[in-house]
Amino acid sequence: MKITFLGGGNMANALIGGMLNKGFAASDIAVIDPGSEARDKLAQSYGVVCHASTDALPEVGDLLVLAVKPQQMKEAAAPLVGKLGKAVVVSIAAGLDIATLARFLGGHRKIVRCMPNTPALIGAGITGLCAAPEVDDNERAAAERVLSAVGSTVWIADEGKMDGVTALSGSGPAYVFLFIEALQQAATDLGFTPEQGRQLAIETIQGAAALAAQSTEPASVLRERVTSKGGTTEAALRTMAEHGVKDGIVAGVKAAEARGRELGKLLGAG
Ligand SMILES: NC(=O)c1ccc[n+]([C@@H]2O[C@H](COP(=O)([O-])OP(=O)(O)OC[C@H]3O[C@@H](n4cnc5c(N)ncnc54)[C@H](OP(=O)(O)O)[C@@H]3O)[C@@H](O)[C@H]2O)c1
């Protein structure tokens with residue numbers, strides 16, 4: 001399978017690094033990026049062929065990964081119109097829906113829209129994928145192989161839910177970072193050094209997430225098991241409830257979803 005990346009920035013680097021680790025051949029991967037620094041880095045790090053523009057690319061290949069910023073997409077996609085043949089287009093651009101991408105690509109409809117998240121940069125991402133009806137099972141599997149090089153994947157049948165994926169897992173790392181920040185601030189207030197606070201906070205989150213992932217019990221049951229009547233955890237959770245922590249998180253995720261829909265409309269209008 002021959003794969004071309006349009007855009008050779010952070011996400012393209014993460015995907016290509018992950019793909020090579022999973023057995024893809026560097027000789028099957030090409031990248032288009034106007035930046036000579038970006039091209040040099042990719043060529044040196046991964047041995048992939050890089051081109052300064054779409055005009056220099058001999059052929060798009062079987063799969064084209066759109067890895068430019070959403071606001072760069074219209075201009076970056078324009079030179080590809082009429083050159084895509086049967087290529088499957090895999091977009092990782094936040095907020096751009098399949099109809100808008102198809103319009104930017106001159107009516108090409110073999111599109112898989114994806115929403116990865118930043119832990120993909122260390123191979124620990126989760127990506128939501130949504131395929132246009134024109135994409136067949138083999139083509140879906142090919143797109144999934146690319147994204148599963150940087151973490152796990154989940155298929156979303158209804159494209160309308162992609163803003164929800166953005167709100168949950170796309171923006172989700174920021175919610176976890178906020179929680180880490182809060183634990184670290186509490187650690188400082190309680191007299192721990194920043195190093196101790198960082199270790200206590202991050203390793204608690206890693207351990208608890210691993211426990212939740214391995215357990216067959218829901219998170220609520222795991223939480224109840226840590227919460228003895230009259231104990232310290234109960235005191236913490238009661239105070240957090242008084243401050244609306246859980247309700248605030250749920251409302252925040254819904255606000256992100258609504259903002260995703262608004263931004264999608266703005267991008268689609270471009
Ligand atoms: N970073 C994340 O964690 C993350 C998570 C989810 C989704 N995404 C999506 O992934 C996409 C890429 O994000 P990123 O963080 O990798 O961005 P990035 O580092 O800015 O990479 C984009 C690259 O595309 C290049 N480019 C600009 N115009 C181009 C053109 N006409 N043709 C070819 N290449 C062009 C840019 O060059 P210049 O720098 O010179 O403009 C840059 O090297 C975005 O659409 C974003 O929404 C990213």
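In this chain, residues are counted from 1 in sequence order. Remember, it's 1-based here, ligands and their atoms both numbered in the order they're listed.
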Using 4.0 Å as the upper bound for N to carboxylate O, is an ion pair formed by [Y] and [X]?
{"X": "E234", "Y": "R238", "value": "yes"}
{"X": "R225", "Y": "E217", "value": "yes"}
{"X": "K83", "Y": "D55", "value": "yes"}
{"X": "K2", "Y": "D62", "value": "no"}

Test your reading of the model: is there a side-chain donor-acceptor pair from [X] to the backbone of [Y], 3.5 Å cut-off?
{"X": "H108", "Y": "A87", "result": "yes"}
{"X": "E203", "Y": "L200", "result": "no"}
{"X": "K22", "Y": "V146", "result": "no"}

Is it true that [X] lies under 4.0 Å from ligand 1, counting heavy atoms only?
{"X": "P34", "value": "yes"}
{"X": "P70", "value": "yes"}
{"X": "M115", "value": "yes"}
{"X": "E75", "value": "no"}

field: Verify atom 32 (N) of ligand 1: protein non-hydrogen atom under 4.0 angstrom away
entry: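 Neighbour list for atom 32 (N) of ligand 1 includes protein heavy atoms (cut-off 4.0 Å).
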
query: Can you check whether a protein heavy atom sits less than 4.0 angstrom from atom 17 (O) of ligand 1?
result: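 Yes, there is one.
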
field: Interatomic spacing from OG1 in T4 to CG in L63 - rounded to 0.5 Å
entry: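 Answer for the OG1-CG pair, T4 versus L63, is 8.5 Å.
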
Considering the heavy atoms of [X], write down every atom of ligand 1 situated less than 4.0 Å from one of them.
{"X": "I32", "result": "33 (C), 34 (N)"}
{"X": "L6", "result": "32 (N), 33 (C)"}
{"X": "A76", "result": "30 (C), 31 (N), 32 (N)"}

- request: Please lay out, stage by stage, how R259 and E262 fare under the test salt bridge (charged side-chain N to carboxylate O under 4.0 Å, His left out).
  value: CA-CA 5 Å; R259 182 65 182 145; E262 272 172 21; 2.7 Å; yes

Could you identify the single nearest non-hydrogen protein atom to [atom] and state the distance to 0.1 Å?
{"atom": "atom 24 (O) of ligand 1", "value": "G7 CA, 3.3 Å"}
{"atom": "atom 43 (O) of ligand 1", "value": "D33 OD2, 2.6 Å"}
{"atom": "atom 9 (C) of ligand 1", "value": "I92 O, 3.0 Å"}
{"atom": "atom 1 (N) of ligand 1", "value": "M11 CG, 3.6 Å"}
{"atom": "atom 19 (O) of ligand 1", "value": "N10 N, 3.0 Å"}
{"atom": "atom 45 (O) of ligand 1", "value": "V68 O, 2.6 Å"}
{"atom": "atom 3 (O) of ligand 1", "value": "T118 CG2, 3.0 Å"}
{"atom": "atom 12 (C) of ligand 1", "value": "A67 O, 3.3 Å"}

- prompt: Any idea which of Q72, K41, R39 brings a heavy atom closest to atom 27 (C) of ligand 1?
  reply: Q72

task: Measure from atom 6 (C) of ligand 1 to every heavy atom in S171, P116, A94, G170 and give the option owning the shortest one.
output: P116

- prompt: Nearest heavy-atom pair of I111 and L105: which atoms, and what distance?
  reply: CD1-CD1, 4.2 Å

message: Ignoring hydrogens and geometry beyond distance, is a side-chain donor-acceptor pair present between T227 and E224 at under 3.5 Å?
response: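 No, no side-chain donor-acceptor contact under 3.5 Å.
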
query: Do T166 and D163 have side-chain atoms, one donor and one acceptor, less than 3.5 Å apart?
result: no

message: Counting only nitrogen or oxygen atoms and a 3.5 angstrom limit, does L121 reach ligand 1?
response: no

